[in-house]
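Before any comments, here is the structure.
On a predicted model such as this, the values are computed, not experimentally measured, just so you know. Order of appearance sets the numbers: ligands from 1, and atoms from 1 within every ligand. In what follows, residues are counted from 1 in the order of the sequence shown.
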Amino acid sequence: MPKVWHGLIREYKDFLPVTDKTPVVTLQEGNTPLIPTRRLNMAINPDIEIYLKYDGANPTGSFKDRGMTMAVSKAKEQGAKSIICASTGNTSAAAAAYGASAGMEVFVLIPDGKIALGKLAQAMAYGAQVLQIHGNFDEALTLVTEISAGFPITLVNSVNPFRIEGQKTAAFEVIDQLGFAPDYHFLPVGNAGNITAYWKGYQEYLAAGKSRKTPRMMGWQAAGSAPIVLDQIVENPSTVATAIRIGNPASWKGAVAARDESGGKIDSVTDEEILAAYRMIASLEGVFCEPASAASVAGLIKSNKAGLFNPGDKIVCTLTGHGLKDADVALSVIDTPQTVDAKLPSVLKALGF
Ligand SMILES: *Cc1c(COP(=O)(O)O)cnc(C)c1O
């Protein structure tokens, strides 16, 4: 019998700030696949080993569930009745889902017209009160921070330390699944909570004797939205990868520490590179992620071209969210199907038989 998974709080409770009294709000998140690649690996570099940590397989389709199970459980423990967040989309979907499960009121502020439709549909379906603002994510985050300071509402953005605690479990899973820490870990960087969380997780597993080393942390921003790379706030960030369209990351310092302490790098990739990687991951490996997620693989391709790797290097790329969240992008950058008459000759002709 395979082991039953109880959600990441129960599985990793020894590493998390919870007690037996913490009311666990879970959708059985975590335990996502670590997929060894074959065709993608061959196309990029046959001498290295590439794995995809597919966090799009979480209950709401992104890694945000890892942080949200912790943030909402702790909010419940502290007696909160409502939660609030700013979001580029996935945080609102996760907050709305876990809030619904906990029976809490959920308030969400999103940038007007700049979030993927699937994510908006999720937040609405889970019953959150969603408000679009004429402004970007950074402005939305400032607003919800002020609201949570003035009213009895818990802020569940990644400035909430319990979010980082939950998200660090992805690093534990990588080591548990691989049996060791990889040489490099690639991931997209937006608000920079996730790279901060992974680095914390890798260090804690090392300290606990669960691994012998830590990977180099390789973070990737979109070129039009790369404040950490430029070392300055970007006022009007722009990229097709809406989940990382952030000009003033809340965990900026954490990301820089992860980079410097691990001997890694934070760099940028263009939208063209992101979309090329996005298509390769889906068409070569059968794994559909959202555009922002593909920044990790785009960064890997760029690093490989620059000659970074040694033969035998083990590399993990996090795919942060599911491709179905942003089907519009797929259909606009890839193609829409041809339509023909429902007659055998027409169909055969169109299929090229
Ligand atoms: C939130 C998100 C990111 C960015 O993660 P940060 O922790 O903000 O750096 C990347 N990809 C997806 C799909 C996301 O939802």
Side-chain angles (χ1 to χ4, degrees), residues 29 32 52-58 60-68 71 85-97 110-111 114-116 118-120 122-123 137-138 140-141 156-161 163-168 170-171 185-201 217-222 225-229 237 239-256 258-259 266 268-269 274 277-278 281 287-299 317-326 329:
E29 60 296 310
T32 58
L52 303 174
K53 180 62 173 163
Y54 189 34
D55 252 8
N58 274 302
T60 79
S62 88
F63 78 85
K64 299 297 198 299
D65 293 350
R66 295 181 181 277
M68 210 52 77
C85 67
S87 180
T88 58
N90 283 330
T91 298
S92 61
I110 56 172
K114 295 288 188 198
I115 89 163
K119 304 175 188 180
L120 182 58
Q122 284 182 288
F137 170 83
D138 303 290
L141 184 57
V156 295
N157 278 101
S158 58
V159 290
N160 176 324
R163 284 277 308 280
I164 305 285
E165 290 297 316
Q167 286 173 208
K168 78 184 179 192
H185 193 117
F186 282 72
L187 73 172
V189 172
N191 218 18
N194 214 24
I195 190 170
T196 304
Y198 267 97
W199 181 234
K200 190 166 197 284
M217 300 302 302
M218 307 292 286
W220 296 85
Q221 301 199 290
S225 179
I228 300 176
V229 181
T239 170
V240 66
T242 50
I244 53 172
R245 186 175 168 271
I246 291 174
N248 186 12
S251 298
W252 195 318
K253 287 204 185 102
V256 168
R259 176 193 69 193
I266 296 179
S268 63
V269 278
I274 289 172
Y278 169 74
I281 302 160
V287 178
F288 193 26
C289 66
E290 61 176 286
S293 306
S296 59
V297 174
C317 296
T318 298
L319 299 182
T320 44
H322 202 291
L324 289 174
K325 290 198 174 246
D326 207 349
V329 169

Shortest non-hydrogen contact from Ser62 toward Asn90: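 Where Ser62 meets Asn90 most closely, the heavy atoms are OG-CB, 3.5 Å.
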Within the 4.0 Å heavy-atom shell around [X], which atoms of ligand 1 are there?
| X | result |
| --- | --- |
| Glu290 | 13 (C) |
| Lys64 | 1 (C), 2 (C), 3 (C), 14 (C), 15 (O) |
| Val189 | 9 (O) |
| Ala292 | 11 (N) |
| Asn191 | 6 (P), 8 (O), 9 (O) |
| Gly193 | 6 (P), 7 (O), 9 (O) |

Part of Asn90 within contact of ligand 1 (heavy atoms, under 4.0 Å):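 Looking at Asn90 and ligand 1, just side chain atoms fall under 4.0 Å.
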Per-residue contact class, Ile195 against ligand 1 - non-hydrogen pairs under 4.0 Å: neither
Electrostatic pair Asp55-Lys64, nearest N-O below 4.0 angstrom: no
Which protein non-hydrogen atom lies closest to [atom], naming both residue and atom, and how far is it?
| atom | result |
| --- | --- |
| atom 12 (C) of ligand 1 | Thr320 OG1, 3.2 Å |
| atom 7 (O) of ligand 1 | Asn194 N, 2.8 Å |
| atom 5 (O) of ligand 1 | Phe63 CZ, 3.4 Å |

Tell me whether [X] contacts the main-chain N or O of [Y] through its side chain, where contact means a donor paired with an acceptor under 3.5 Å.
| X | Y | value |
| --- | --- | --- |
| Asp65 | Thr60 | yes |
| Ser296 | Leu187 | no |
| Asp326 | Ala116 | no |

Minimum non-hydrogen distance to atom 6 (P) of ligand 1, winning option of Cys289, Pro291, Ala192: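 Checking each option, the heavy atom nearest atom 6 (P) of ligand 1 is found in Ala192.
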Quiz question: by atom type and distance under 3.5 Å, do the side chains of [X] and [Y] form a donor-acceptor pair?
| X | Y | value |
| --- | --- | --- |
| Lys325 | Gln122 | yes |
| Glu29 | Asn58 | no |
| Arg66 | Thr32 | yes |
| Thr318 | His185 | yes |

Nitrogen or oxygen of Gly190 less than 3.5 angstrom from that of ligand 1: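 Yes, since at least one N or O of Gly190 sits under 3.5 Å from an N or O of ligand 1.
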